[in-house]
Amino acid sequence: MDGHLAAAVRSAVTTRDVRIAAGNLGCVPAVLRQTAPAERYVVVADEHTWKVAGKRVASLLASERLATCGPVMLTGEPRVKPSAETARTLATTIKSGAALPIAVGSGVINDLVKYAAELAGTPYVCVPTAASMDGYAASGAALRDDGFKRTFACAAPVAIVADLAVIATAPPVMAGWGYGDLVGKLVAGADWIVADALGVEALNPGPFGMVQNNLAAWLGEPAGVRRGDRAALDGLVRGLIMAGLAMQAHGNSRPASGSDHQFAHLWEMEEVAVGGVPVSHGACVGIGCLSMLAAYEWLLRQDLSGIAPAELAGRTPSPAALRAEVAASFPLSFMAANAEVEAVAKAVAAPVVEARLRRLQESWPQLSGQLRQSLPEAKTVRRWLNSAGAPSSTEAIGVSGGKHARDYKRARLIRRRFTGLDVLHELGWLDAMVSDLFGASGFWRGSRAVA
């Protein structure tokens, strides 16, 4: 491990070994003996990941005389679904075999095994097969339960063995998804800076720096990511794994998830699809990032010196009004019920909003400078996404312009995390911002801002 990665592993709660290199699949048995000793192991994969890595991992265990149960092959059409019920069934299988699971696959397989291992009371090891998302090293598993996507508390893997030669064989579109997920950290960092400046959630310098300090370098070769260049993939994989380690170190997803993920979670729960195929998490995060970069650019063009905090705070919705807004925003009952819990959890009284707006007004000269320094332009990031082979428009993920415009307000309600969307809401500027972004000269021009 390089110095940055080794330091991140030392700060992690659960993960004790991370290997990132081409051709290092052969070190899995040694990693198991050193970091995850067990009486027996079980490889969990799907049909594709079994062929590209799972079969070899099983063969390596057999050659090293490490006892195994028969492999578990997950199935689903067109791919394995992130279902909590599937994870619960898998937990029963793992527990009955008294085996330590080895997740061989990408995001969904990793999350299913992570939660199943937690339920079965065992650690697990991860062998990524694609640079498709940041959850490999993260605590918690994002799964659908009764329709609502939620993050289940569970431990990260004790070890990760990422073979770049295997990862390079994944479909290029999957690396594009991972690039979209990593791009989202730009907005996650900005949201945390804002939350810290307004006294909502203090910035934790260590985990913040783990993600932000090298983010520009990790994102610096989008065309190489699309080509499957090993150096570019190495940076992408490191960035994604470091994001997960930062989440471990901080204790929640704040270092790597902000308003970009609010859009993504909304779209994933609504099962946006293209050609009948559900859109990936990373693709949604990438568009969520563009959505918020454009919103921040709009905010940075405004003059906050003349706002009236007391008057604006007087418009703070009552609990009843907030619940009514949620009900009107989410026609699906399961989404409305859960969004109400999340929205009410971060609601505050008018005096708190007033104090927050005064703090925003006073700190804006310095805060706006920080944001300008940390955020590239939306049009620049759109070029990066294009170069990486990632979706760069809402149409590419099956979201119409009218829906997208409405979702700027709906995304704020889907998670309790305070972000730039909440700042715009408390300023009373969300509608004006959306109108400008979808207008003739706005970033989303050409997309219809009405249904």
Side-chain angles (χ1 to χ4, degrees), residues 1-2 5-6 9 12 14-75 80 87 90-114 116-118 120-132 136-137 155-171 174 228 230 233-234 237-238 240-241 244:
M1 285 185 282
D2 65 34
L5 185 57
V9 170
T14 305
T15 305
R16 290 291 169 262
D17 195 357
V18 176
R19 312 279 180 104
I20 304 172
N24 69 353
L25 206 61
C27 72
V28 169
V31 169
L32 295 177
R33 287 195 171 100
Q34 294 166 15
T35 311
E39 289 187 7
R40 63 180 59 84
Y41 301 91
V42 57
V43 174
V44 183
D46 63 18
E47 181 180 356
H48 176 70
T49 63
W50 173 256
K51 292 176 182 176
V52 299
K55 185 176 182 180
R56 185 173 174 215
V57 168
S59 177
L60 287 166
L61 300 188
S63 67
E64 292 290 329
R65 293 183 171 82
L66 292 171
T68 61
C69 300
V72 174
M73 304 295 287
L74 300 174
T75 59
V80 179
L90 178 59
T92 301
T93 301
I94 291 169
K95 200 166 185 177
S96 65
L100 187 149
I102 304 169
V104 180
S106 54
V108 173
I109 290 175
N110 183 60
D111 276 356
L112 290 171
V113 174
K114 188 185 301 184
E118 186 74 17
T122 179
Y124 86 103
V125 170
C126 172
V127 179
T129 57
S132 55
Y136 291 120
V158 292
I160 301 170
V161 179
D163 188 330
L164 294 176
V166 170
I167 288 170
T169 67
M174 297 186 77
R230 294 285 174 83
L233 286 178
D234 181 84
V237 171
R238 283 177 195 279
L240 294 169
I241 289 178

_To check you understand the geometry: which heavy-atom pair defines the closest contact between Met174 and Ser106, and what is its length?_
CE-OG, 3.6 Å
*Are Thr75 and Asp46 side-chain neighbours, meaning at least one heavy-atom pair lies under 4.5 Å?*
no
*asked:* Rounded at 0.5 Å granularity, tell me how far OG1 in Thr35 sits from CZ in Arg19.
replied: 7.0 Å
*Within a strict 4.5 Å, meaning less than it, do heavy atoms of the Val125 and Pro157 side chains meet?*
no
_From CG (Leu100) to OG1 (Thr122), nearest 0.5 Å_ = 4.0 Å
*Does the pair Val158 and Asp17 meet the rule for a side-chain contact (heavy atoms from CB on, under 4.5 Å), with working shown?*
CA-CA 7 Å; Val158 292; Asp17 195 357; over 6 Å; no
*Do you know which two heavy atoms are closest between Asp163 and Gly23, and how far apart they sit?*
OD1-N, 2.7 Å
_Restricting to non-hydrogen atoms, name the atom on Glu39 and the atom on Ala67 that form the minimum distance, rounded to 0.1 Å._
O-CB, 3.4 Å
_Using the side-chain contact (heavy atoms from CB on, under 4.5 Å) definition, which of the options Val57, Val161, Leu60, Ile102 pairs with Leu32?_
Ile102
*Could you walk me through whether Ile109 and Thr49 pass the side-chain contact (heavy atoms from CB on, under 4.5 Å) test, one step at a time?*
CA-CA 10 Å; Ile109 290 175; Thr49 63; 3.8 Å; yes
*When rounded to the nearest 0.5 angstrom, what is the spacing between CG in Leu66 and OH in Tyr41?*
5.5 Å
*Rounded to the nearest 0.5 Å, how far apart are CG of Leu164 and CG of Leu233?*
6.5 Å
*asked:* Please determine whether a side-chain nitrogen of the Lys or Arg among Arg238 and Asp234 lies less than 4.0 Å from a carboxylate oxygen of the Asp or Glu.
replied: yes
_Please find the pair of heavy atoms, one from Ala156 and one from Ala137, that lie closest to each other, and give the distance._
CB-O, 3.5 Å
*CD on Glu64 to CZ on Arg33, rounded to 0.5 Å*: 5.0 Å
*Whether Arg65 side chain and Leu61 backbone form a donor-acceptor pair below 3.5 Å*: no
_Exercise: identify the closest heavy-atom pair between Ala168 and Arg230_ = CB-NE, 3.8 Å
*Apply side-chain contact (heavy atoms from CB on, under 4.5 Å) to the pair Ile241 and Val18, showing each step before the final yes or no.*
CA-CA 9 Å; Ile241 289 178; Val18 176; 4.1 Å; yes
_Evaluation steps, side-chain contact (heavy atoms from CB on, under 4.5 Å), between Val127 and Leu25_ = CA-CA 8 Å; Val127 179; Leu25 206 61; 3.6 Å; yes
*Are the side chain of Glu118 and the backbone N or O of Ala155 linked by a donor-acceptor pair below 3.5 Å?*
yes
_Between Val44 and Tyr124, is there a side-chain heavy-atom distance shorter than 4.5 Å?_
no
*CD1-OG1 distance between Ile167 and Thr129, expressed to the nearest 0.5 angstrom*: 7.5 Å
*Does Thr169 reach the main-chain N or O of Val166 with its side chain, forming a donor-acceptor pair under 3.5 Å?*
yes
*asked:* If I compare all heavy atoms of Pro123 with all of Pro101, which pair ends up nearest, and what's the gap?
replied: O-CD, 3.4 Å
